[in-house]
Amino acid sequence: MSFAESYLGQLRAHVGSRPLLVIGVRVLIEDDAGRILILKRSDTGDWGLPAGSLELGESLMDAIHREAKEETNATLEDVQVFGVSSNPSVECYTYPNGDQIQNVSILATARLAAGTVIGSNDGEADAFRFVAPEAIEQASFSPPEFPAFGYFRAWRETGQFQFV
């Protein structure tokens, strides 16, 4: 589906670039070695996570699977939601085209299903790699997505749902 066909794209056609509240998902996809799949965004050149907005008529679980498939061709298993991020200092973002959002992001982790071949299905990513979570550098990462790694570590260490 193109951006213009998406729910958010249809809203943008009416409201322009003004700030919108958006429900989104971010997924940290792990391989068998515990490394996280990251992607290089084609719009900003930043590294990021498979992520995106909920579509009308879609569940959060559907959105997690769809975004992973669209952006990385990943098939997921063992999906677990570990947090919700809504802090405006993290979740307010202006895209290169000027569109503004304040996101409420559902944070999930999943395992990469056996036999999955990583690659872009929608052109949003130029490159992919698996990286140990502690080796990811903030300077090269999409600003609203980088904090997800800290929330992920906190969840792994404490077992507590991250509500930030």
Is there side-chain contact between [X] and [Y], with at least one heavy-atom pair below 4.5 Å?
| X | Y | result |
| --- | --- | --- |
| Gln102 | Pro88 | yes |
| Leu49 | Phe149 | yes |
| Pro50 | Leu39 | yes |
| Leu112 | Ile118 | yes |
| Arg111 | Asp32 | yes |
| Asp62 | Arg66 | no |

Query raised in the report: Would Val104 and Val22 satisfy side-chain contact (heavy atoms from CB on, under 4.5 Å), going step by step from the backbone distance to the final call?
Result: CA-CA 6 Å; Val104 176; Val22 176; over 6 Å; no
Query raised in the report: Would you find a donor on one side and an acceptor on the other, under 3.5 Å apart, between the side chain of Ser105 and the backbone of Leu107?
Result: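 Flag not set: sc Ser105 to bb Leu107 has no pair under 3.5 Å.
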Query raised in the report: With distance as the sole test, does Thr109 use its side chain to make a donor-acceptor pair with the main-chain N or O of Leu28 at under 3.5 Å?
Result: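 Answer holds: yes.
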Report task. Could you tell me if the ring centre of Tyr93 sits under 6.0 Å from that of Tyr95? Result ->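 Ring centres of Tyr95 and Tyr93 closer than 6.0 Å.
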Query raised in the report: What about the rings of Phe82 and Phe161, do their centers lie closer together than 6.0 Å?
Result: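 For Phe82 and Phe161, the ring centres are not under 6.0 Å apart.
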Query raised in the report: Can you check side chain to side chain donor-acceptor pair (under 3.5 Å) on Ser140 and Glu137, steps first, answer last?
Result: CA-CA 6 Å; Ser140 63; Glu137 299 174 11; 4.6 Å; no
Between [X] and [Y], which heavy-atom pair has the shortest distance, and what is it?
| X | Y | result |
| --- | --- | --- |
| Ser6 | Gly9 | OG-N, 3.0 Å |
| Ser17 | Gly98 | CB-O, 3.3 Å |
| Gln10 | Ala4 | CG-O, 3.7 Å |
| Pro144 | Val90 | CB-O, 3.4 Å |
| Glu58 | Leu54 | O-CD1, 3.4 Å |
| Leu76 | Ala68 | CD1-CB, 3.6 Å |

Would you compute the distance between atom [atom1] of [X] and atom [atom2] of [Y] and round it to the nearest 0.5 angstrom?
| X | Y | atom1 | atom2 | result |
| --- | --- | --- | --- | --- |
| Phe163 | Tyr151 | CZ | OH | 12.0 Å |
| Leu56 | Ser53 | CG | OG | 11.0 Å |
| His65 | Leu60 | NE2 | CG | 11.5 Å |
| Glu70 | Met1 | CD | CE | 6.5 Å |
| Lys69 | Thr116 | NZ | OG1 | 6.5 Å |
| Ile23 | Leu8 | CD1 | CG | 11.5 Å |

Query raised in the report: When hydrophobic residues are tied together by side-chain contacts of less than 4.5 Å, even through go-betweens, does Leu20 share a cluster with Ile106?
Result: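 Unlinked, Leu20 and Ile106 end up in two clusters.
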Query - ILVMFWY cluster, Val131 and Val27 together (side-chain gap under 4.5 Å) - result: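 In one cluster with Val131: Val27, no.
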Query raised in the report: Salt bridge or not for Asp99 and Arg12, using N-O below 4.0 Å?
Result: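 Judged by the 4.0 Å cut-off on N to carboxylate O distance, Asp99 and Arg12 do form a salt bridge.
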Query raised in the report: Can Glu71 and Arg26 be counted as an ion pair, charged N to O under 4.0 angstrom?
Result: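 Salt bridge absent between Glu71 and Arg26.
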**Report entry** CA sep, side-chain torsions, deciding dist, call: Phe141, Ile136, side-chain contact (heavy atoms from CB on, under 4.5 Å)
**Finding:** CA-CA 8 Å; Phe141 221 79; Ile136 295 171; 3.5 Å; yes
Query raised in the report: More than 12 heavy atoms of other residues, nucleotides or ligands under 6.0 Å from CZ of Phe130: is that the case?
Result: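 Yes, enclosed.
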Requested in this report: Would you mind listing every salt bridge (Lys or Arg N to Asp or Glu O under 4.0 Å) that reaches into residues 147-158, with sequence neighbours excluded?
Outcome: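 As it turns out, the salt bridge (Lys or Arg N to Asp or Glu O under 4.0 Å) pairs with a partner in residues 147-158, which skip direct neighbours, are Glu30-Arg156.
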Requested in this report: Start with the C-alpha gap between Trp155 and Gln80, add the side-chain angles, then the distance that decides, and say whether side-chain contact (heavy atoms from CB on, under 4.5 Å) holds.
Outcome: CA-CA 11 Å; Trp155 172 70; Gln80 295 181 55; 3.5 Å; yes
Query raised in the report: Given the rule in the side-chain contact (heavy atoms from CB on, under 4.5 Å) test, do Leu21 and Asn103 qualify, once you have shown the distances and angles that lead to the verdict?
Result: CA-CA 6 Å; Leu21 284 171; Asn103 218 16; over 6 Å; no
Report task. Quick one: list whatever passes salt bridge (charged side-chain N to carboxylate O under 4.0 Å, His left out) with Arg41, sequence neighbours left out. Result ->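 For Arg41 the salt bridge (charged side-chain N to carboxylate O under 4.0 Å, His left out) partners, ignoring immediate neighbours, are Asp43, Glu145.
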